Amino acid sequence: ETATVAVVPGDGIGHEVVPAALEVLDAVADIEFVHAEAGDAVAEQRGTPLPEGTLEAVSEADATLFGATGETSADVILPLRDAVDSFVNVRPARTYPGVDAVQPETDLVILRENTEGVYAGVENRLTEDVSTLTRLVTQSASRRLAEFACDYVESNGHDGFTVAHKNNVMRVTDGLFVDTVREEAAARGVDVDEAYMDAMATHLAMDPAGYDVIVCPNLAGDVLSDLAAGLVGGLGLLPSANIGSERGIFEPVHGCAPDIAGEGIANPSATILSAAMLLEFLGADGAARDVRAAVEATLADGPRTPDLGGTATTDAVAEAVVDRLPEH
Ligand code: NAI
Ligand code: MG
């Protein structure tokens, strides 16, 4: 049966990197695409950044390829993650031959809690002076993340994982998070290291090879994965997967990059690598491997976009990747 994939380019360079990834997907898999809109531009035209039809397309598709949205991104990606019940955001960060990296030894994956923490959306302005934010942590979401982490570690041949938190300050919420994760891992016989998230930021910057799989709350995962992006050569290289029990949304970690949008020079690698994660999610492991290998070869030998020191366009890079794919 042909898989259905919703395609939501969003704003800015989303309209450049998503078509590039679609060319690659087209070359390796038989997929039915459903195109949908979201973001700042749609909000201006239709009064909402997330039209009903888009929410429906994403809710019904087997998977979604998402680009990036602009100022409205919280109003778009958070409800979409909800719509597919995505409880974990998978963010691999590794270096590639041919790409200048601050820390060439980096090869890690961040498993970020994706539904709660400070992003649960409970903020209040109480008075002129006072605003508050309620941080939500549940045992069930922490357990689900831990179960996923244990499965991930086992199926990818890792020794264990490191859980990042700050239970010395957020004793109740991060206390519950860490206790639950530790308990689940113990029940599964998976090794767990622990690190305070602030100390981890230092260690990550200085010795990223010390980390392999990192499990963390929502905000920590957001920040630490952008830090990891800096270690490996920039945001143009980092894919991500929002995984739910039945569906997933695959998107680059970067935003819509208004500073370069429209110039046709955005690096499509992060989005093409996100498409590879999508293929894997759909069970097309061979195609996923081929796409990754083609991206790696292109990063190694060029052409490269300006963020990696090259002069190539987005389209030229996409073409080079497609050219390096075996026949499908
Ligand atoms: P950004 O990721 O859009 O850009 C940061 C810097 O990285 C810019 O200099 C940009 O040119 C560069 N960059 C990003 N992706 C690149 C690529 N593929 N190739 C080459 N260079 C790339 O983050 P920024 O500037 O903080 O946010 C811009 C807009 O994007 C904001 O409106 C923000 O809200 C939104 N955003 C949306 C996200 C989403 O849709 N999931 C995630 C992050 C930001
Ligand atoms: Mg972010």
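Remember, it's a predicted structure, so these values are computed and weren't measured experimentally. Numbering of ligands and ligand atoms starts at 1, following listing order.
Salt-bridge formation is detected for the pair Asp151/Arg188: a Lys NZ or Arg NE/NH1/NH2 atom is positioned less than 4.0 Å from an Asp or Glu carboxylate oxygen. Between Arg91 and Glu251 there is no salt bridge, since none of the side-chain N atoms of the basic residue sits less than 4.0 Å from a carboxylate O of the acidic one. Between Glu116 and Arg135, no side-chain nitrogen of the basic residue sits less than 4.0 Å from a carboxylate oxygen of the acidic one, so the salt-bridge criterion is not met. A salt bridge links Arg182 with Glu194: at least one charged nitrogen is closer than 4.0 Å to a carboxylate oxygen. Ionic pairing of Glu60 and Arg247 is not present here: no N-O contact between side-chain nitrogen and carboxylate oxygen is shorter than 4.0 angstrom.
Counting heavy atoms closer than 4.0 Å to ligand 1, residue Asp259 contributes side-chain atoms (C-beta onward) but none from N, CA, C or O. Proximity of Leu235 to ligand 1, defined as any heavy-atom pair under 4.0 Å, is confined to the side chain (atoms from C-beta onward). Within the 4.0 Å heavy-atom criterion, the part of Ser73 lying near ligand 1 is the side chain and not the backbone. Of the heavy atoms in Pro306, none comes closer than 4.0 Å to ligand 1. Residue contacts with ligand 1, taken as heavy atom pairs separated by less than 4.0 Å, do not involve Thr305 at all.
For atom 28 (C) of ligand 1, the choice among Gly10, Gly236, Gly255, Pro258 with the nearest heavy atom turns out to be Pro258. Here the shortest heavy-atom distance to atom 33 (C) of ligand 1, taken over Ala74, Pro268, Gly70, belongs to Gly70. Comparing heavy-atom distances from atom 15 (N) of ligand 1 across Glu16, His254, Glu263 singles out His254 as nearest.
Close approach of ligand 1 to Cys256 (heavy-atom distance below 4.0 Å) involves ligand atoms 3 (O), 29 (C), 30 (O). Taking every non-hydrogen atom of Asp307 and a distance limit under 4.0 Å, the qualifying atoms of ligand 1 come out as 20 (C). Listed by number with element, the atoms of ligand 1 under 4.0 Å from a non-hydrogen atom of Ile260 are 11 (O), 20 (C), 21 (N). Residue Ile13 has at least one heavy-atom neighbour below 4.0 Å for each of these atoms of ligand 1: 15 (N), 16 (C), 17 (C), 18 (N). For ligand 1 and Ala68, the ligand atoms under 4.0 Å from any heavy atom of the residue are 40 (O). Within ligand 1, the atoms closer than 4.0 Å to a non-hydrogen atom of Glu71 are 31 (C), 32 (O), numbered from 1 in the order shown. Interface of Glu251 with ligand 1, defined as ligand atoms under 4.0 Å from a residue heavy atom, comprises 41 (N).
Cation-pi geometry between Arg144 and Phe148 is not met at under 6.0 angstrom from the ring centre and within 45 degrees of the axis.
Within the 4.0 Å heavy-atom cutoff, Ile77 does not count among the residues contacting ligand 1. At least one heavy atom of Ala266 sits closer than 4.0 Å to an atom of ligand 1.
Side-chain rings of Phe281 and Phe250 approach one another, their centers coming within less than 6.0 Å.
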